[in-house]
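Here the structure is laid out as structure tokens; the discussion comes afterwards.
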Amino acid sequence: MDAVILVLCIALTLVTVVALISGGLKLKQSVKDLNAETLKETLPKPNVLLVQQKEGKVRIAYLTEGAAEEAAVAAAPAAEPASPAPAEEPDSASEEELQDGVLIPKAERLTYEERYARLPEENRKLLDEFVAYIEGKEDCETCIRTSALLCRYKKSQVAKVSIRRDFAILSFPIANPELGRLVREEKIKSVKMQPATVKLADENDLALAKQTADIALDYLKGEEEYKLEKRKEARREAARRKREEGEES
């Protein structure tokens, strides 16, 4: 009988200990959740930046650095005041670009010559070699504009050189001759032909750019001959009509 009572007491003790541990864990979690809710209420409401795009809107919520620091101080336990750190003098450019706590970098508008001067040496050599290749062709020249360099065959454009992110980007307005003539002569505005582009990053890109330039030159020369032949046909047709009118009279 005494053994049964002892076993029952031990079992009751174990059940009590398990219940106390479980209750303690639940109480600890409740305190943690309460602290999180309290901290969330002390944080300031985020600012909202609404960006309008062509398709839909982008909503961006953000906190300024100063507001976040104040919220952290309010939620932290009291501590001994520390000696203030020396304040840094704000940069003049940063002051101009800082609006409502959001740093908006200004787009740097550089001319072609300024971008060319900033090119890495290897990329500048690639571009110089391509330009020299074009200028070595008969009836070809280059012309610097504000934001680009134009490579021309007579009055027609062979390539347009722009500089983006430390690389020269070449655009070649090459089109299928028949399609190009159809679009031009029929004045079709719904068809837009995209130029071929080459990014000069290494010697292989340079070789490809030279080959593409040769194709563009052949295309332009073919168009020049086509226009010349069309003018000759127009003159022959005009002369034929004039002869027929003279015979009828």
Side-chain angles (χ1 to χ4, degrees), residues 54 107-245:
K54 291 183 178 180
E108 196 172 14
R109 295 183 178 275
L110 300 177
T111 64
Y112 173 83
E113 293 176 325
E114 290 171 337
R115 292 180 184 274
Y116 174 82
R118 294 188 180 188
L119 273 177
E121 184 177 355
E122 292 298 324
N123 296 344
R124 191 185 305 123
K125 287 181 179 179
L126 294 173
L127 177 56
D128 290 343
E129 188 171 343
F130 174 78
V131 171
Y133 181 79
I134 293 294
E135 292 178 341
K137 298 287 185 178
E138 186 179 1
D139 295 326
C140 289
E141 62 179 2
T142 57
C143 179
I144 296 178
R145 291 290 182 259
T146 303
S147 59
L149 175 71
L150 302 183
C151 302
R152 291 177 173 175
Y153 167 73
K154 296 183 179 179
K155 294 183 179 181
S156 301
Q157 181 175 307
V158 177
K160 178 181 178 181
V161 183
S162 57
I163 298 174
R164 295 195 298 268
R165 297 181 181 178
D166 294 336
F167 290 99
I169 309 297
L170 313 179
S171 299
F172 300 90
I174 302 174
N176 178 281
E178 288 75 15
L179 177 60
R181 292 164 191 168
L182 176 64
V183 171
R184 183 173 59 253
E185 293 174 359
E186 299 295 331
K187 298 181 180 180
I188 302 175
K189 297 182 179 180
S190 59
V191 177
K192 294 183 179 179
M193 293 172 285
Q194 298 296 329
T197 59
V198 177
K199 178 181 177 181
L200 286 183
D202 52 33
E203 292 292 338
N204 293 331
D205 295 331
L206 178 60
L208 176 61
K210 291 179 179 179
Q211 293 175 0
T212 311
D214 290 339
I215 295 174
L217 277 172
D218 291 341
Y219 167 74
L220 293 175
K221 290 177 181 178
E223 288 299 290
E224 184 181 35
E225 294 176 359
Y226 172 78
K227 292 178 183 178
L228 182 61
E229 185 61 31
K230 292 289 287 185
R231 286 195 292 267
K232 289 181 179 178
E233 289 180 4
R235 287 196 296 269
R236 287 195 295 266
E237 181 65 19
R240 184 184 64 81
R241 290 180 180 178
K242 188 176 181 180
R243 286 195 304 270
E244 290 178 354
E245 291 175 356

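Since the structure is predicted, the reported quantities are computational estimates derived from the model, not experimental observations. Along the sequence shown, residues are numbered consecutively beginning with 1.
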Contact summary for [X] and [Y], nearest pair of heavy atoms:
X	Y	result
Phe130	Cys151	CE2-SG, 4.2 Å
Phe172	Ala216	CD2-CB, 4.4 Å
Leu127	Val161	CD1-CG1, 3.6 Å
Pro173	Ser171	CD-O, 3.8 Å
Tyr112	Arg145	CB-O, 3.9 Å

Would you find more than 12 non-hydrogen atoms of other residues, nucleotides or ligands less than 6.0 Å from Arg164 atom CZ?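 Not buried by this count: 12 neighbours or fewer within 6.0 Å.
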
Does NZ belonging to Lys210 count more than 12 external heavy atoms closer than 6.0 Å? yes

[X] vs [Y] side-chain heavy atoms within contact, under 4.5 Å:
X	Y	answer
Ile134	Glu141	no
Leu217	Cys140	yes
Lys137	Tyr153	no

Examine the side chains of Tyr219 and Asp214 and answer whether a donor and an acceptor come within less than 3.5 Å of each other. no

For the atom pair [atom1] ([X]) and [atom2] ([Y]), what is the distance rounded to the nearest 0.5 Å?
X	Y	atom1	atom2	value
Leu220	Gln157	CG	CD	9.5 Å
Glu114	Thr146	CD	OG1	10.5 Å
Leu149	Glu113	CG	CD	9.5 Å
Thr111	Arg115	OG1	CZ	8.5 Å
Ser156	Leu150	OG	CG	12.0 Å
Leu170	Leu200	CG	CG	4.5 Å

Please determine if [X] and [Y] form a salt bridge, counting it only when a charged side-chain N lies under 4.0 Å from a carboxylate O.
X	Y	value
Glu121	Lys125	yes
Lys154	Glu224	yes
Arg241	Glu237	yes
Arg236	Glu229	yes

Say whether, by atom type as modelled, one donor and one acceptor occur between the side chain of Asp166 and the main chain of Pro120 under 3.5 angstrom.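 No: the side chain of Asp166 does not pair with the backbone of Pro120.
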
Would you confirm whether Asp205, through its side chain, and Ala201, through its main-chain N or O, come within 3.5 Å as a donor-acceptor pair? yes

For Glu135, which residues count as a side chain to side chain donor-acceptor pair (under 3.5 Å) partner, sequence neighbours excluded? Thr142

Is the terminal nitrogen or CZ of Arg124 (NZ for Lys, CZ for Arg) located under 6.0 angstrom from the six-membered ring centre of Tyr116 and within 45° of that ring's axis?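 Positive - Arg124 is close enough to the ring of Tyr116 and near enough to its axis.
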
Could you walk me through whether Glu225 and Lys221 satisfy the salt bridge (Lys or Arg N to Asp or Glu O under 4.0 Å) test, starting with their C-alpha distance in whole Å, then the side-chain angles of each, then the deciding distance to 0.1 Å, before giving a yes or no? CA-CA 6 Å; Glu225 294 176 359; Lys221 290 177 181 178; over 6 Å; no

Stepwise, does the side chain to side chain contact (heavy atoms under 4.5 Å, CB included) test hold for Lys155 with Arg152? CA-CA 6 Å; Lys155 294 183 179 181; Arg152 291 177 173 175; over 6 Å; no

